[in-house]
Number of protein chains: 2
Amino acid sequence: MKETVTVKTLAKELNISIATVSKALNDSYEISLETKQKVWDLAKKLKYQRNPSASNLRSHKTKTIAVIIPEIANNFFSLAINGIEEIARKRDYHVLIYQTHENSEIEIAFTDSLLSGRVDGILISVSSNTNNNDHFKELVKKIPVVFFDRVFEDIDAVKITTDDYDSAYNATRHLIEGGCKKIAYLFALNNLVTGKNRFAGYKKALEEYGMVYTDAMVVNYDKDISKNYENIKAMVSSEKPDAIISSIEDLALPCYYVARELNLNIPRDLKIISFSNLNTAPLLNPSLTTIEQPAFEIGKEAADILFKILDKKYFEPNGNHILKSSLIKRESTS
Amino acid sequence: MKETVTVKTLAKELNISIATVSKALNDSYEISLETKQKVWDLAKKLKYQRNPSASNLRSHKTKTIAVIIPEIANNFFSLAINGIEEIARKRDYHVLIYQTHENSEIEIAFTDSLLSGRVDGILISVSSNTNNNDHFKELVKKIPVVFFDRVFEDIDAVKITTDDYDSAYNATRHLIEGGCKKIAYLFALNNLVTGKNRFAGYKKALEEYGMVYTDAMVVNYDKDISKNYENIKAMVSSEKPDAIISSIEDLALPCYYVARELNLNIPRDLKIISFSNLNTAPLLNPSLTTIEQPAFEIGKEAADILFKILDKKYFEPNGNHILKSSLIKRESTS
DNA sequence: TTTATTTACGAATACGTTTAAGTGAATAGC
DNA sequence: GCTATTCACTTAAACGTATTCGTAAATAAA
């Protein structure tokens, strides 16, 4: 059993006090360069590693942030985490991952548990079936939090989103200008601004062209994934839309299967456009027109701002940062 | 500023000692049920949260595991993390994520830094350009580690892999039986058993059918992604294979682009098969035949075993667990 | 030269928990 | 009735670090 090397070890070896060692390791101005160098050299030689628990306990800094997301096996979120991790890495921070699986209760359990001082800050993308934001309101009072992509309106925290309204609006216009007369909508994130804005953009475009939608043309996301397929199929069968806008990626692929099942040709009989970060979008049959969110940049931005808050260099508690998505036109709408 | 509630708070309030509170919270047999109940009730009422740092410092248990992977924005790895997270959740463990981006030095930095007692155990899928495994050999002596999917041969630790040899063998046979005469191979993970086994399976199948491969038909993975496309294109142009086996997902899509660029029809002119967990594989143009690894299960299994080791209920330091992949035949090879 | 300030370090304490060892009272064994 | 054991709890000491306060020596200011 190896002896673990602590400040004590170094102190004893160098015949100086523990305090001096600790200060030297933290590059304190109180310590002479000469002594610091001796400490650093020995620390390196003995492979000294600062004990994080002890350090945290004393300093109340954990060098750790938490990321709470609905699902990791999702292109958007894994890219976002990628961005977050990149920023965290630069600052030698550690990243804890928590998946809610779109379950609000799990989400609450996570946020509660993170109040114990395990992390310095939290990045959250809200679960789709979270209706009540009381726990978030409490949370943001106690610990720095940045919301990204899936956000609530009335929370006192920084939010990073994309131009949901504009991109949905543009997508709808793209369809209308392509000759579509009846555009169905796959609605998700109903209770979040994110979802509301997308839907509003869709409605606005319809309105501008004197078109209407009926409730029958709107399919709501069901967390039971198999039902989504059925619901879309039922809607397409009865309503016979000539286009579909999907407000989340998860609903795009079911559309392809439905079209196949109903013998509808995409894009001739049915045009499809979806919010999506699928890297196979260009290779699908037919290739899929997407509203691509800058997922990686969202993650970076969110992390960046969280760190600014931790550094106390950010003073806009309600900042709303909006990044631009891009509409990438492909065969499914041509 | 709210007072943080500690064991001290509870002790004072209930007029009992700190030790009693601590033991009650840990459900120790030394404490009467009556007292425990009082402690639990008050803890709940005051929303007491055990301070993780203090607890770790004293008990040397962090309730945290680390996952080191090459890339999170990858179907296989995000599914694996999903499985890991599921198991961790059940045991109230926290999951730290580290991405190496296939960089061996970053990998070493991570493993070194995890020796400070920040985590109880580590799950690793080795970076593709890691040639030297000395740091792993040292690592496994000091902390429980389970390797998954991308593993080294001669490390004294548990390994979770898939039947790489068999699945590559079967995939190759599938192509041969489909009439292919010249099967190219996209080689990755050359320095890991994982990659070696896949290549060996390919070679064995060729051999059985009296076929040969030349070095010119083998393209090695380049970490500069843009080069892969060029390399594959060059190989296909000069060698004119009638099929390609890609040993990792990242090399499959470039094949599609190359075929498109060279005006080759898949599968007529060029059949393609790839190790892959793409959920859009059935929707590609044409749909892609895949060797699908049970990514989620691999993650679960790896985490499961790590916890067994932590519980000291696992006694097979060299256990090699092999899960089965499935060959899913689609249009790209028909 | 005398006083004030700076420099470089050490002693001691606190962070919040866990745990080994100890204690008095109640119960059991004979 | 006396000793041995069990029960329920307390005391006190860690775990390894960061930090406040203090201090002796060296330097600067007067």
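Below, chain A is the first sequence line, B the second, and so on; all start at residue 1.
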- request: Using only side-chain N and O atoms of A:S22, determine if any of them is under 4.0 Å from OP1 or OP2 of D:dA18.
  value: yes
- request: Step through the shown structure and confirm whether more than 12 heavy atoms of other residues, nucleotides or ligands are within 6.0 Å of CD on A:Q49.
  value: yes
query: For B:V119, does its backbone N or O pair with a side-chain atom of B:T64 as donor and acceptor, under 3.5 Å?
result: no
query: Charged N to carboxylate O below 4.0 Å: is that the case for A:K137 and A:D154?
result: yes
task: Establish, with yes or no, whether the OP1 or OP2 oxygen of D:dC15 is under 4.0 angstrom from a side-chain nitrogen or oxygen of A:R58.
output: no
message: Looking at B:E30, I'd like to know if its CD atom is crowded, meaning that more than 12 non-hydrogen atoms belonging to other residues, nucleotides or ligands lie closer than 6.0 Å.
response: yes
query: Should the pair A:E297-A:K300 be classified as a salt bridge under the 4.0 Å nitrogen-to-oxygen rule?
result: no
task: Rounded to the nearest angstrom, tell me the gap between atom CG in A:N26 and atom P in D:dG16.
output: 17 Å
- request: Heavy atoms only: give me the nearest B:I72-B:I69 pair and the separation to one decimal.
  value: CA-CD1, 3.8 Å
Which residues share a salt bridge (Lys or Arg N to Asp or Glu O under 4.0 Å) with A:E153, sequence neighbours left out: A:K196
- prompt: Among residues 5-14 of chain B, which contact DNA chain C at a heavy-atom distance under 4.0 Å?
  reply: B:T6, B:V7
- request: May I have the distance from B:R118 (atom CZ) to D:dT17 (atom P), rounded to whole angstrom?
  value: 13 Å
message: Nearest 0.5 Å, please: how far is CZ in B:F296 from CD in B:E301?
response: 12.5 Å
query: Which value, rounded to the nearest 0.5 Å, describes the distance between A:F110 atom CZ and A:I108 atom CD1?
result: 12.0 Å
- prompt: Taking the six-membered ring for Trp, are A:F307 and A:Y314 ring centroids under 6.0 Å apart?
  reply: no
Got a list of protein N/O to nucleotides 8-10 of chain D N/O distances below 3.5 Å?
unit_1: D:dC9; atom_1: OP1; unit_2: B:T35; atom_2: OG1; d: 2.5
unit_1: D:dC9; atom_1: OP2; unit_2: B:S32; atom_2: N; d: 3.0
unit_1: D:dC9; atom_1: OP2; unit_2: B:S32; atom_2: OG; d: 3.1
unit_1: D:dC9; atom_1: OP2; unit_2: B:T35; atom_2: OG1; d: 3.1
unit_1: D:dC9; atom_1: N4; unit_2: B:E30; atom_2: OE1; d: 2.5
unit_1: D:dT10; atom_1: OP1; unit_2: B:S17; atom_2: N; d: 3.3
unit_1: D:dT10; atom_1: OP2; unit_2: B:S17; atom_2: N; d: 2.9
unit_1: D:dT10; atom_1: OP2; unit_2: B:S17; atom_2: OG; d: 2.8
unit_1: D:dT10; atom_1: OP2; unit_2: B:T20; atom_2: OG1; d: 2.1
unit_1: D:dT10; atom_1: O4; unit_2: B:K23; atom_2: NZ; d: 2.6

message: Between A:K223 and A:E102, does any NZ, NE, NH1 or NH2 come within less than 4.0 Å of an OD or OE carboxylate oxygen?
response: no
message: Distance check needed: D:dA14 P versus A:L57 CG, whole Å only.
response: 17 Å
query: So what does B:S55 touch, heavy atoms closer than 4.0 Å: a base, only the sugar-phosphate, or nothing?
result: sugar-phosphate
- prompt: Taking five pairs at each end, how big is the angle between the two axes of the helix from C:dT1-D:dA30 to C:dC30-D:dG1, to 10°?
  reply: 30°
- prompt: Roughly how far, to the nearest 0.5 Å, is CD1 of B:I84 from CD of A:Q99?
  reply: 10.5 Å
message: If I take atom NZ in residue A:K61 and atom C1' in nucleotide D:dT19, what distance separates them, rounded to the nearest angstrom?
response: 14 Å
In residues 86-97 of chain A, what donor-acceptor pairs under 3.5 Å come from side-chain atoms, sequence neighbours left out?
unit_1: A:R89; atom_1: NH1; unit_2: A:E85; atom_2: OE2; d: 2.6
unit_1: A:R89; atom_1: NH2; unit_2: A:Y93; atom_2: O; d: 2.6
unit_1: A:R91; atom_1: NH1; unit_2: A:D311; atom_2: OD2; d: 3.1
unit_1: A:R91; atom_1: NH2; unit_2: A:D311; atom_2: OD1; d: 3.0
unit_1: A:R91; atom_1: NH2; unit_2: A:D311; atom_2: OD2; d: 3.0
unit_1: A:Y93; atom_1: OH; unit_2: A:D120; atom_2: OD2; d: 3.1
unit_1: A:H94; atom_1: ND1; unit_2: B:Y98; atom_2: OH; d: 2.5
unit_1: A:H94; atom_1: NE2; unit_2: B:R118; atom_2: NE; d: 3.2
unit_1: A:H94; atom_1: NE2; unit_2: B:R118; atom_2: NH2; d: 3.4

message: I need the CG-C1' distance between B:N56 and D:dT17, as an integer number of Å.
response: 14 Å
message: Reading DNA chain C in the 5' to 3' direction, which nucleotide is the first one with an atom under 4.0 Å from a heavy atom of chain A, and which is the last?
response: C:dA8 to C:dG16
